[in-house]
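Here the structure is a predicted model, which is why all the values come from computation and not from measurement. We count residues from 1, following the sequence as given.
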Amino acid sequence: MSTIEGRNGRNTTAPKTNAWRVVDIVIAAVIAVSSGVIFWAWNNTHHVFDVLFLAFPPSSALLAGMWLFPAVLGALIIRKPGAALFCELVAAMVSALLGSEFGLTVLASGLVQGLGAEAVFAAFRYRRWNLPVALLAGAMAGLFGGINDAFIFRWFPEYTMAMQLTYVAFMTISGMVIAGLLSFYATRALAKTGALGALASRKAATEPTFG
């Protein structure tokens with residue numbers, strides 16, 4: 001891994017190569033499988049919050065970020081092309097194997113949501129891992145997921161067009177906060193423990209938040 005000193009004192013931490021090492025694969029698999037178990041638990045408990053959204057059901061998308069975080073967290077930790085997609089898709093597969101109310105459709109959802117986050121990291125050539133990029137990646141995962149839910153899978157045929165668009169907007173916000181913001185600070189917290197010592201993200205805790 002090399003650290004490139006940029007203009008205005010910015011540090012861009014980038015791996016020497018984008019090739020995945022064995023340790024990258026192992027850690028990504030751990031993140032994905034753990035996230036899949038969290039998905040399974042969340043699938044079985046999230047309905048307890050339904051009462052909060054009875055007045056306006058599309059607002060339930062504000063919690064959808066719980067299904068999006070592996071994409072951003074995995075990419076911020078592994079820092080290799082494909083990490084966002086891999087972690088989100090494998091997490092969806094694990095949750096499907098454990099039993100999901102959404103059945104095998106979670107595989108398509110995981111693919112679409114993972115692609116949303118992956119597109120952002122690719123746009124920055126896998127060289128920017130700061131907070132704005134994490135927020136944007138989470139938002140895009142939510143945007144892609146919301147469009148998929150509302151207009152491709154059409155989970156909510158009873159919604160008006162305005163309600164569908166609101167659902168997409170809320171899922172985008174949820175992705176930005178839960179998947180983007182929380183994953184960014186979770187990565188920094190993990191880096192402080194030394195748990196990421198073998199990875200390109202091992203200095204995440206000392207990297208500029210906006211640099």
Side-chain angles (χ1 to χ4, degrees), residues 20 22-53 57-78 80 82-118 121 134 137-150 152-156 167-168 170-172 174-187 189-190 193 195-196 199 201:
W20 284 55
V22 172
V23 67
D24 297 323
I25 297 171
V26 171
I27 298 299
V30 170
I31 295 169
V33 173
S34 300
S35 299
V37 174
I38 293 173
F39 280 3
W40 171 79
W42 181 241
N43 289 341
N44 288 290
T45 58
H46 73 96
H47 284 303
V48 300
F49 297 103
D50 286 352
V51 66
L52 301 175
F53 309 113
S59 60
S60 64
L62 290 171
L63 296 180
M66 283 296 295
W67 287 292
L68 305 173
F69 75 88
V72 182
L73 182 64
L76 292 177
I77 290 177
I78 304 301
K80 297 288 177 66
L85 180 59
F86 175 87
C87 290
E88 187 70 29
L89 185 56
V90 173
M93 292 174 62
V94 171
S95 71
L97 291 173
L98 292 175
S100 168
E101 65 179 296
F102 306 108
L104 293 178
T105 62
V106 296
L107 302 181
S109 297
L111 175 64
V112 171
Q113 294 158 5
L115 285 173
E118 188 75 41
F121 293 113
M140 285 295 286
L143 177 63
F144 276 42
I147 292 173
N148 183 60
D149 289 355
I152 299 178
F153 279 177
R154 299 187 64 81
W155 287 118
F156 316 105
Y167 176 91
V168 174
F170 281 162
M171 192 163 176
T172 301
S174 182
M176 182 169 58
V177 175
I178 297 177
L181 182 66
L182 297 186
S183 292
F184 177 79
Y185 284 107
T187 301
L190 284 170
T193 68
L196 308 182
L199 303 170
S201 56

Does [Y] offer a backbone N or O that forms a donor-acceptor pair with the side chain of [X] under 3.5 Å?
| X | Y | value |
| --- | --- | --- |
| Ser183 | Gly180 | no |
| Ser95 | Ala92 | yes |
| Asn43 | Phe39 | yes |
| Glu88 | Ala71 | yes |
| Ser174 | Phe170 | no |
| Glu118 | Leu85 | yes |

For the [atom1] atom of [X] and the [atom2] atom of [Y], what is their distance to the nearest 0.5 Å?
| X | Y | atom1 | atom2 | value |
| --- | --- | --- | --- | --- |
| Ser109 | Leu104 | OG | CG | 11.0 Å |
| Ile25 | Ile78 | CD1 | CD1 | 9.5 Å |
| Thr105 | Phe153 | OG1 | CZ | 5.5 Å |
| Tyr167 | Leu62 | OH | CG | 10.5 Å |
| Asp149 | Phe144 | CG | CZ | 13.5 Å |
| Met93 | Leu107 | CE | CG | 6.5 Å |

How close do [X] and [Y] get, counting heavy atoms only, and between which atoms?
| X | Y | answer |
| --- | --- | --- |
| Asp50 | His47 | OD2-ND1, 2.8 Å |
| Leu68 | Gly175 | CD1-CA, 3.6 Å |
| Ala28 | Cys87 | O-SG, 3.8 Å |
| Gly145 | Val112 | N-CG1, 4.4 Å |

Report yes if some heavy atom in the side chain of Phe184 is under 4.5 Å from a heavy atom in the side chain of Leu73; otherwise report no.
no
Taking the side chain as everything from C-beta on, heavy atoms only, tell me whether Ile38 gets closer than 4.5 Å to Met66.
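In contact.
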Measure from the ring center of Trp42 to the ring center of Phe49 and say whether it is less than 6.0 Å.
yes
List the steps, then state whether side chain to side chain contact (heavy atoms under 4.5 Å, CB included) holds for Leu196 with Leu199.
CA-CA 5 Å; Leu196 308 182; Leu199 303 170; 3.9 Å; yes
Trp40 atom CH2: more than 12 heavy-atom contacts under 6.0 Å
no
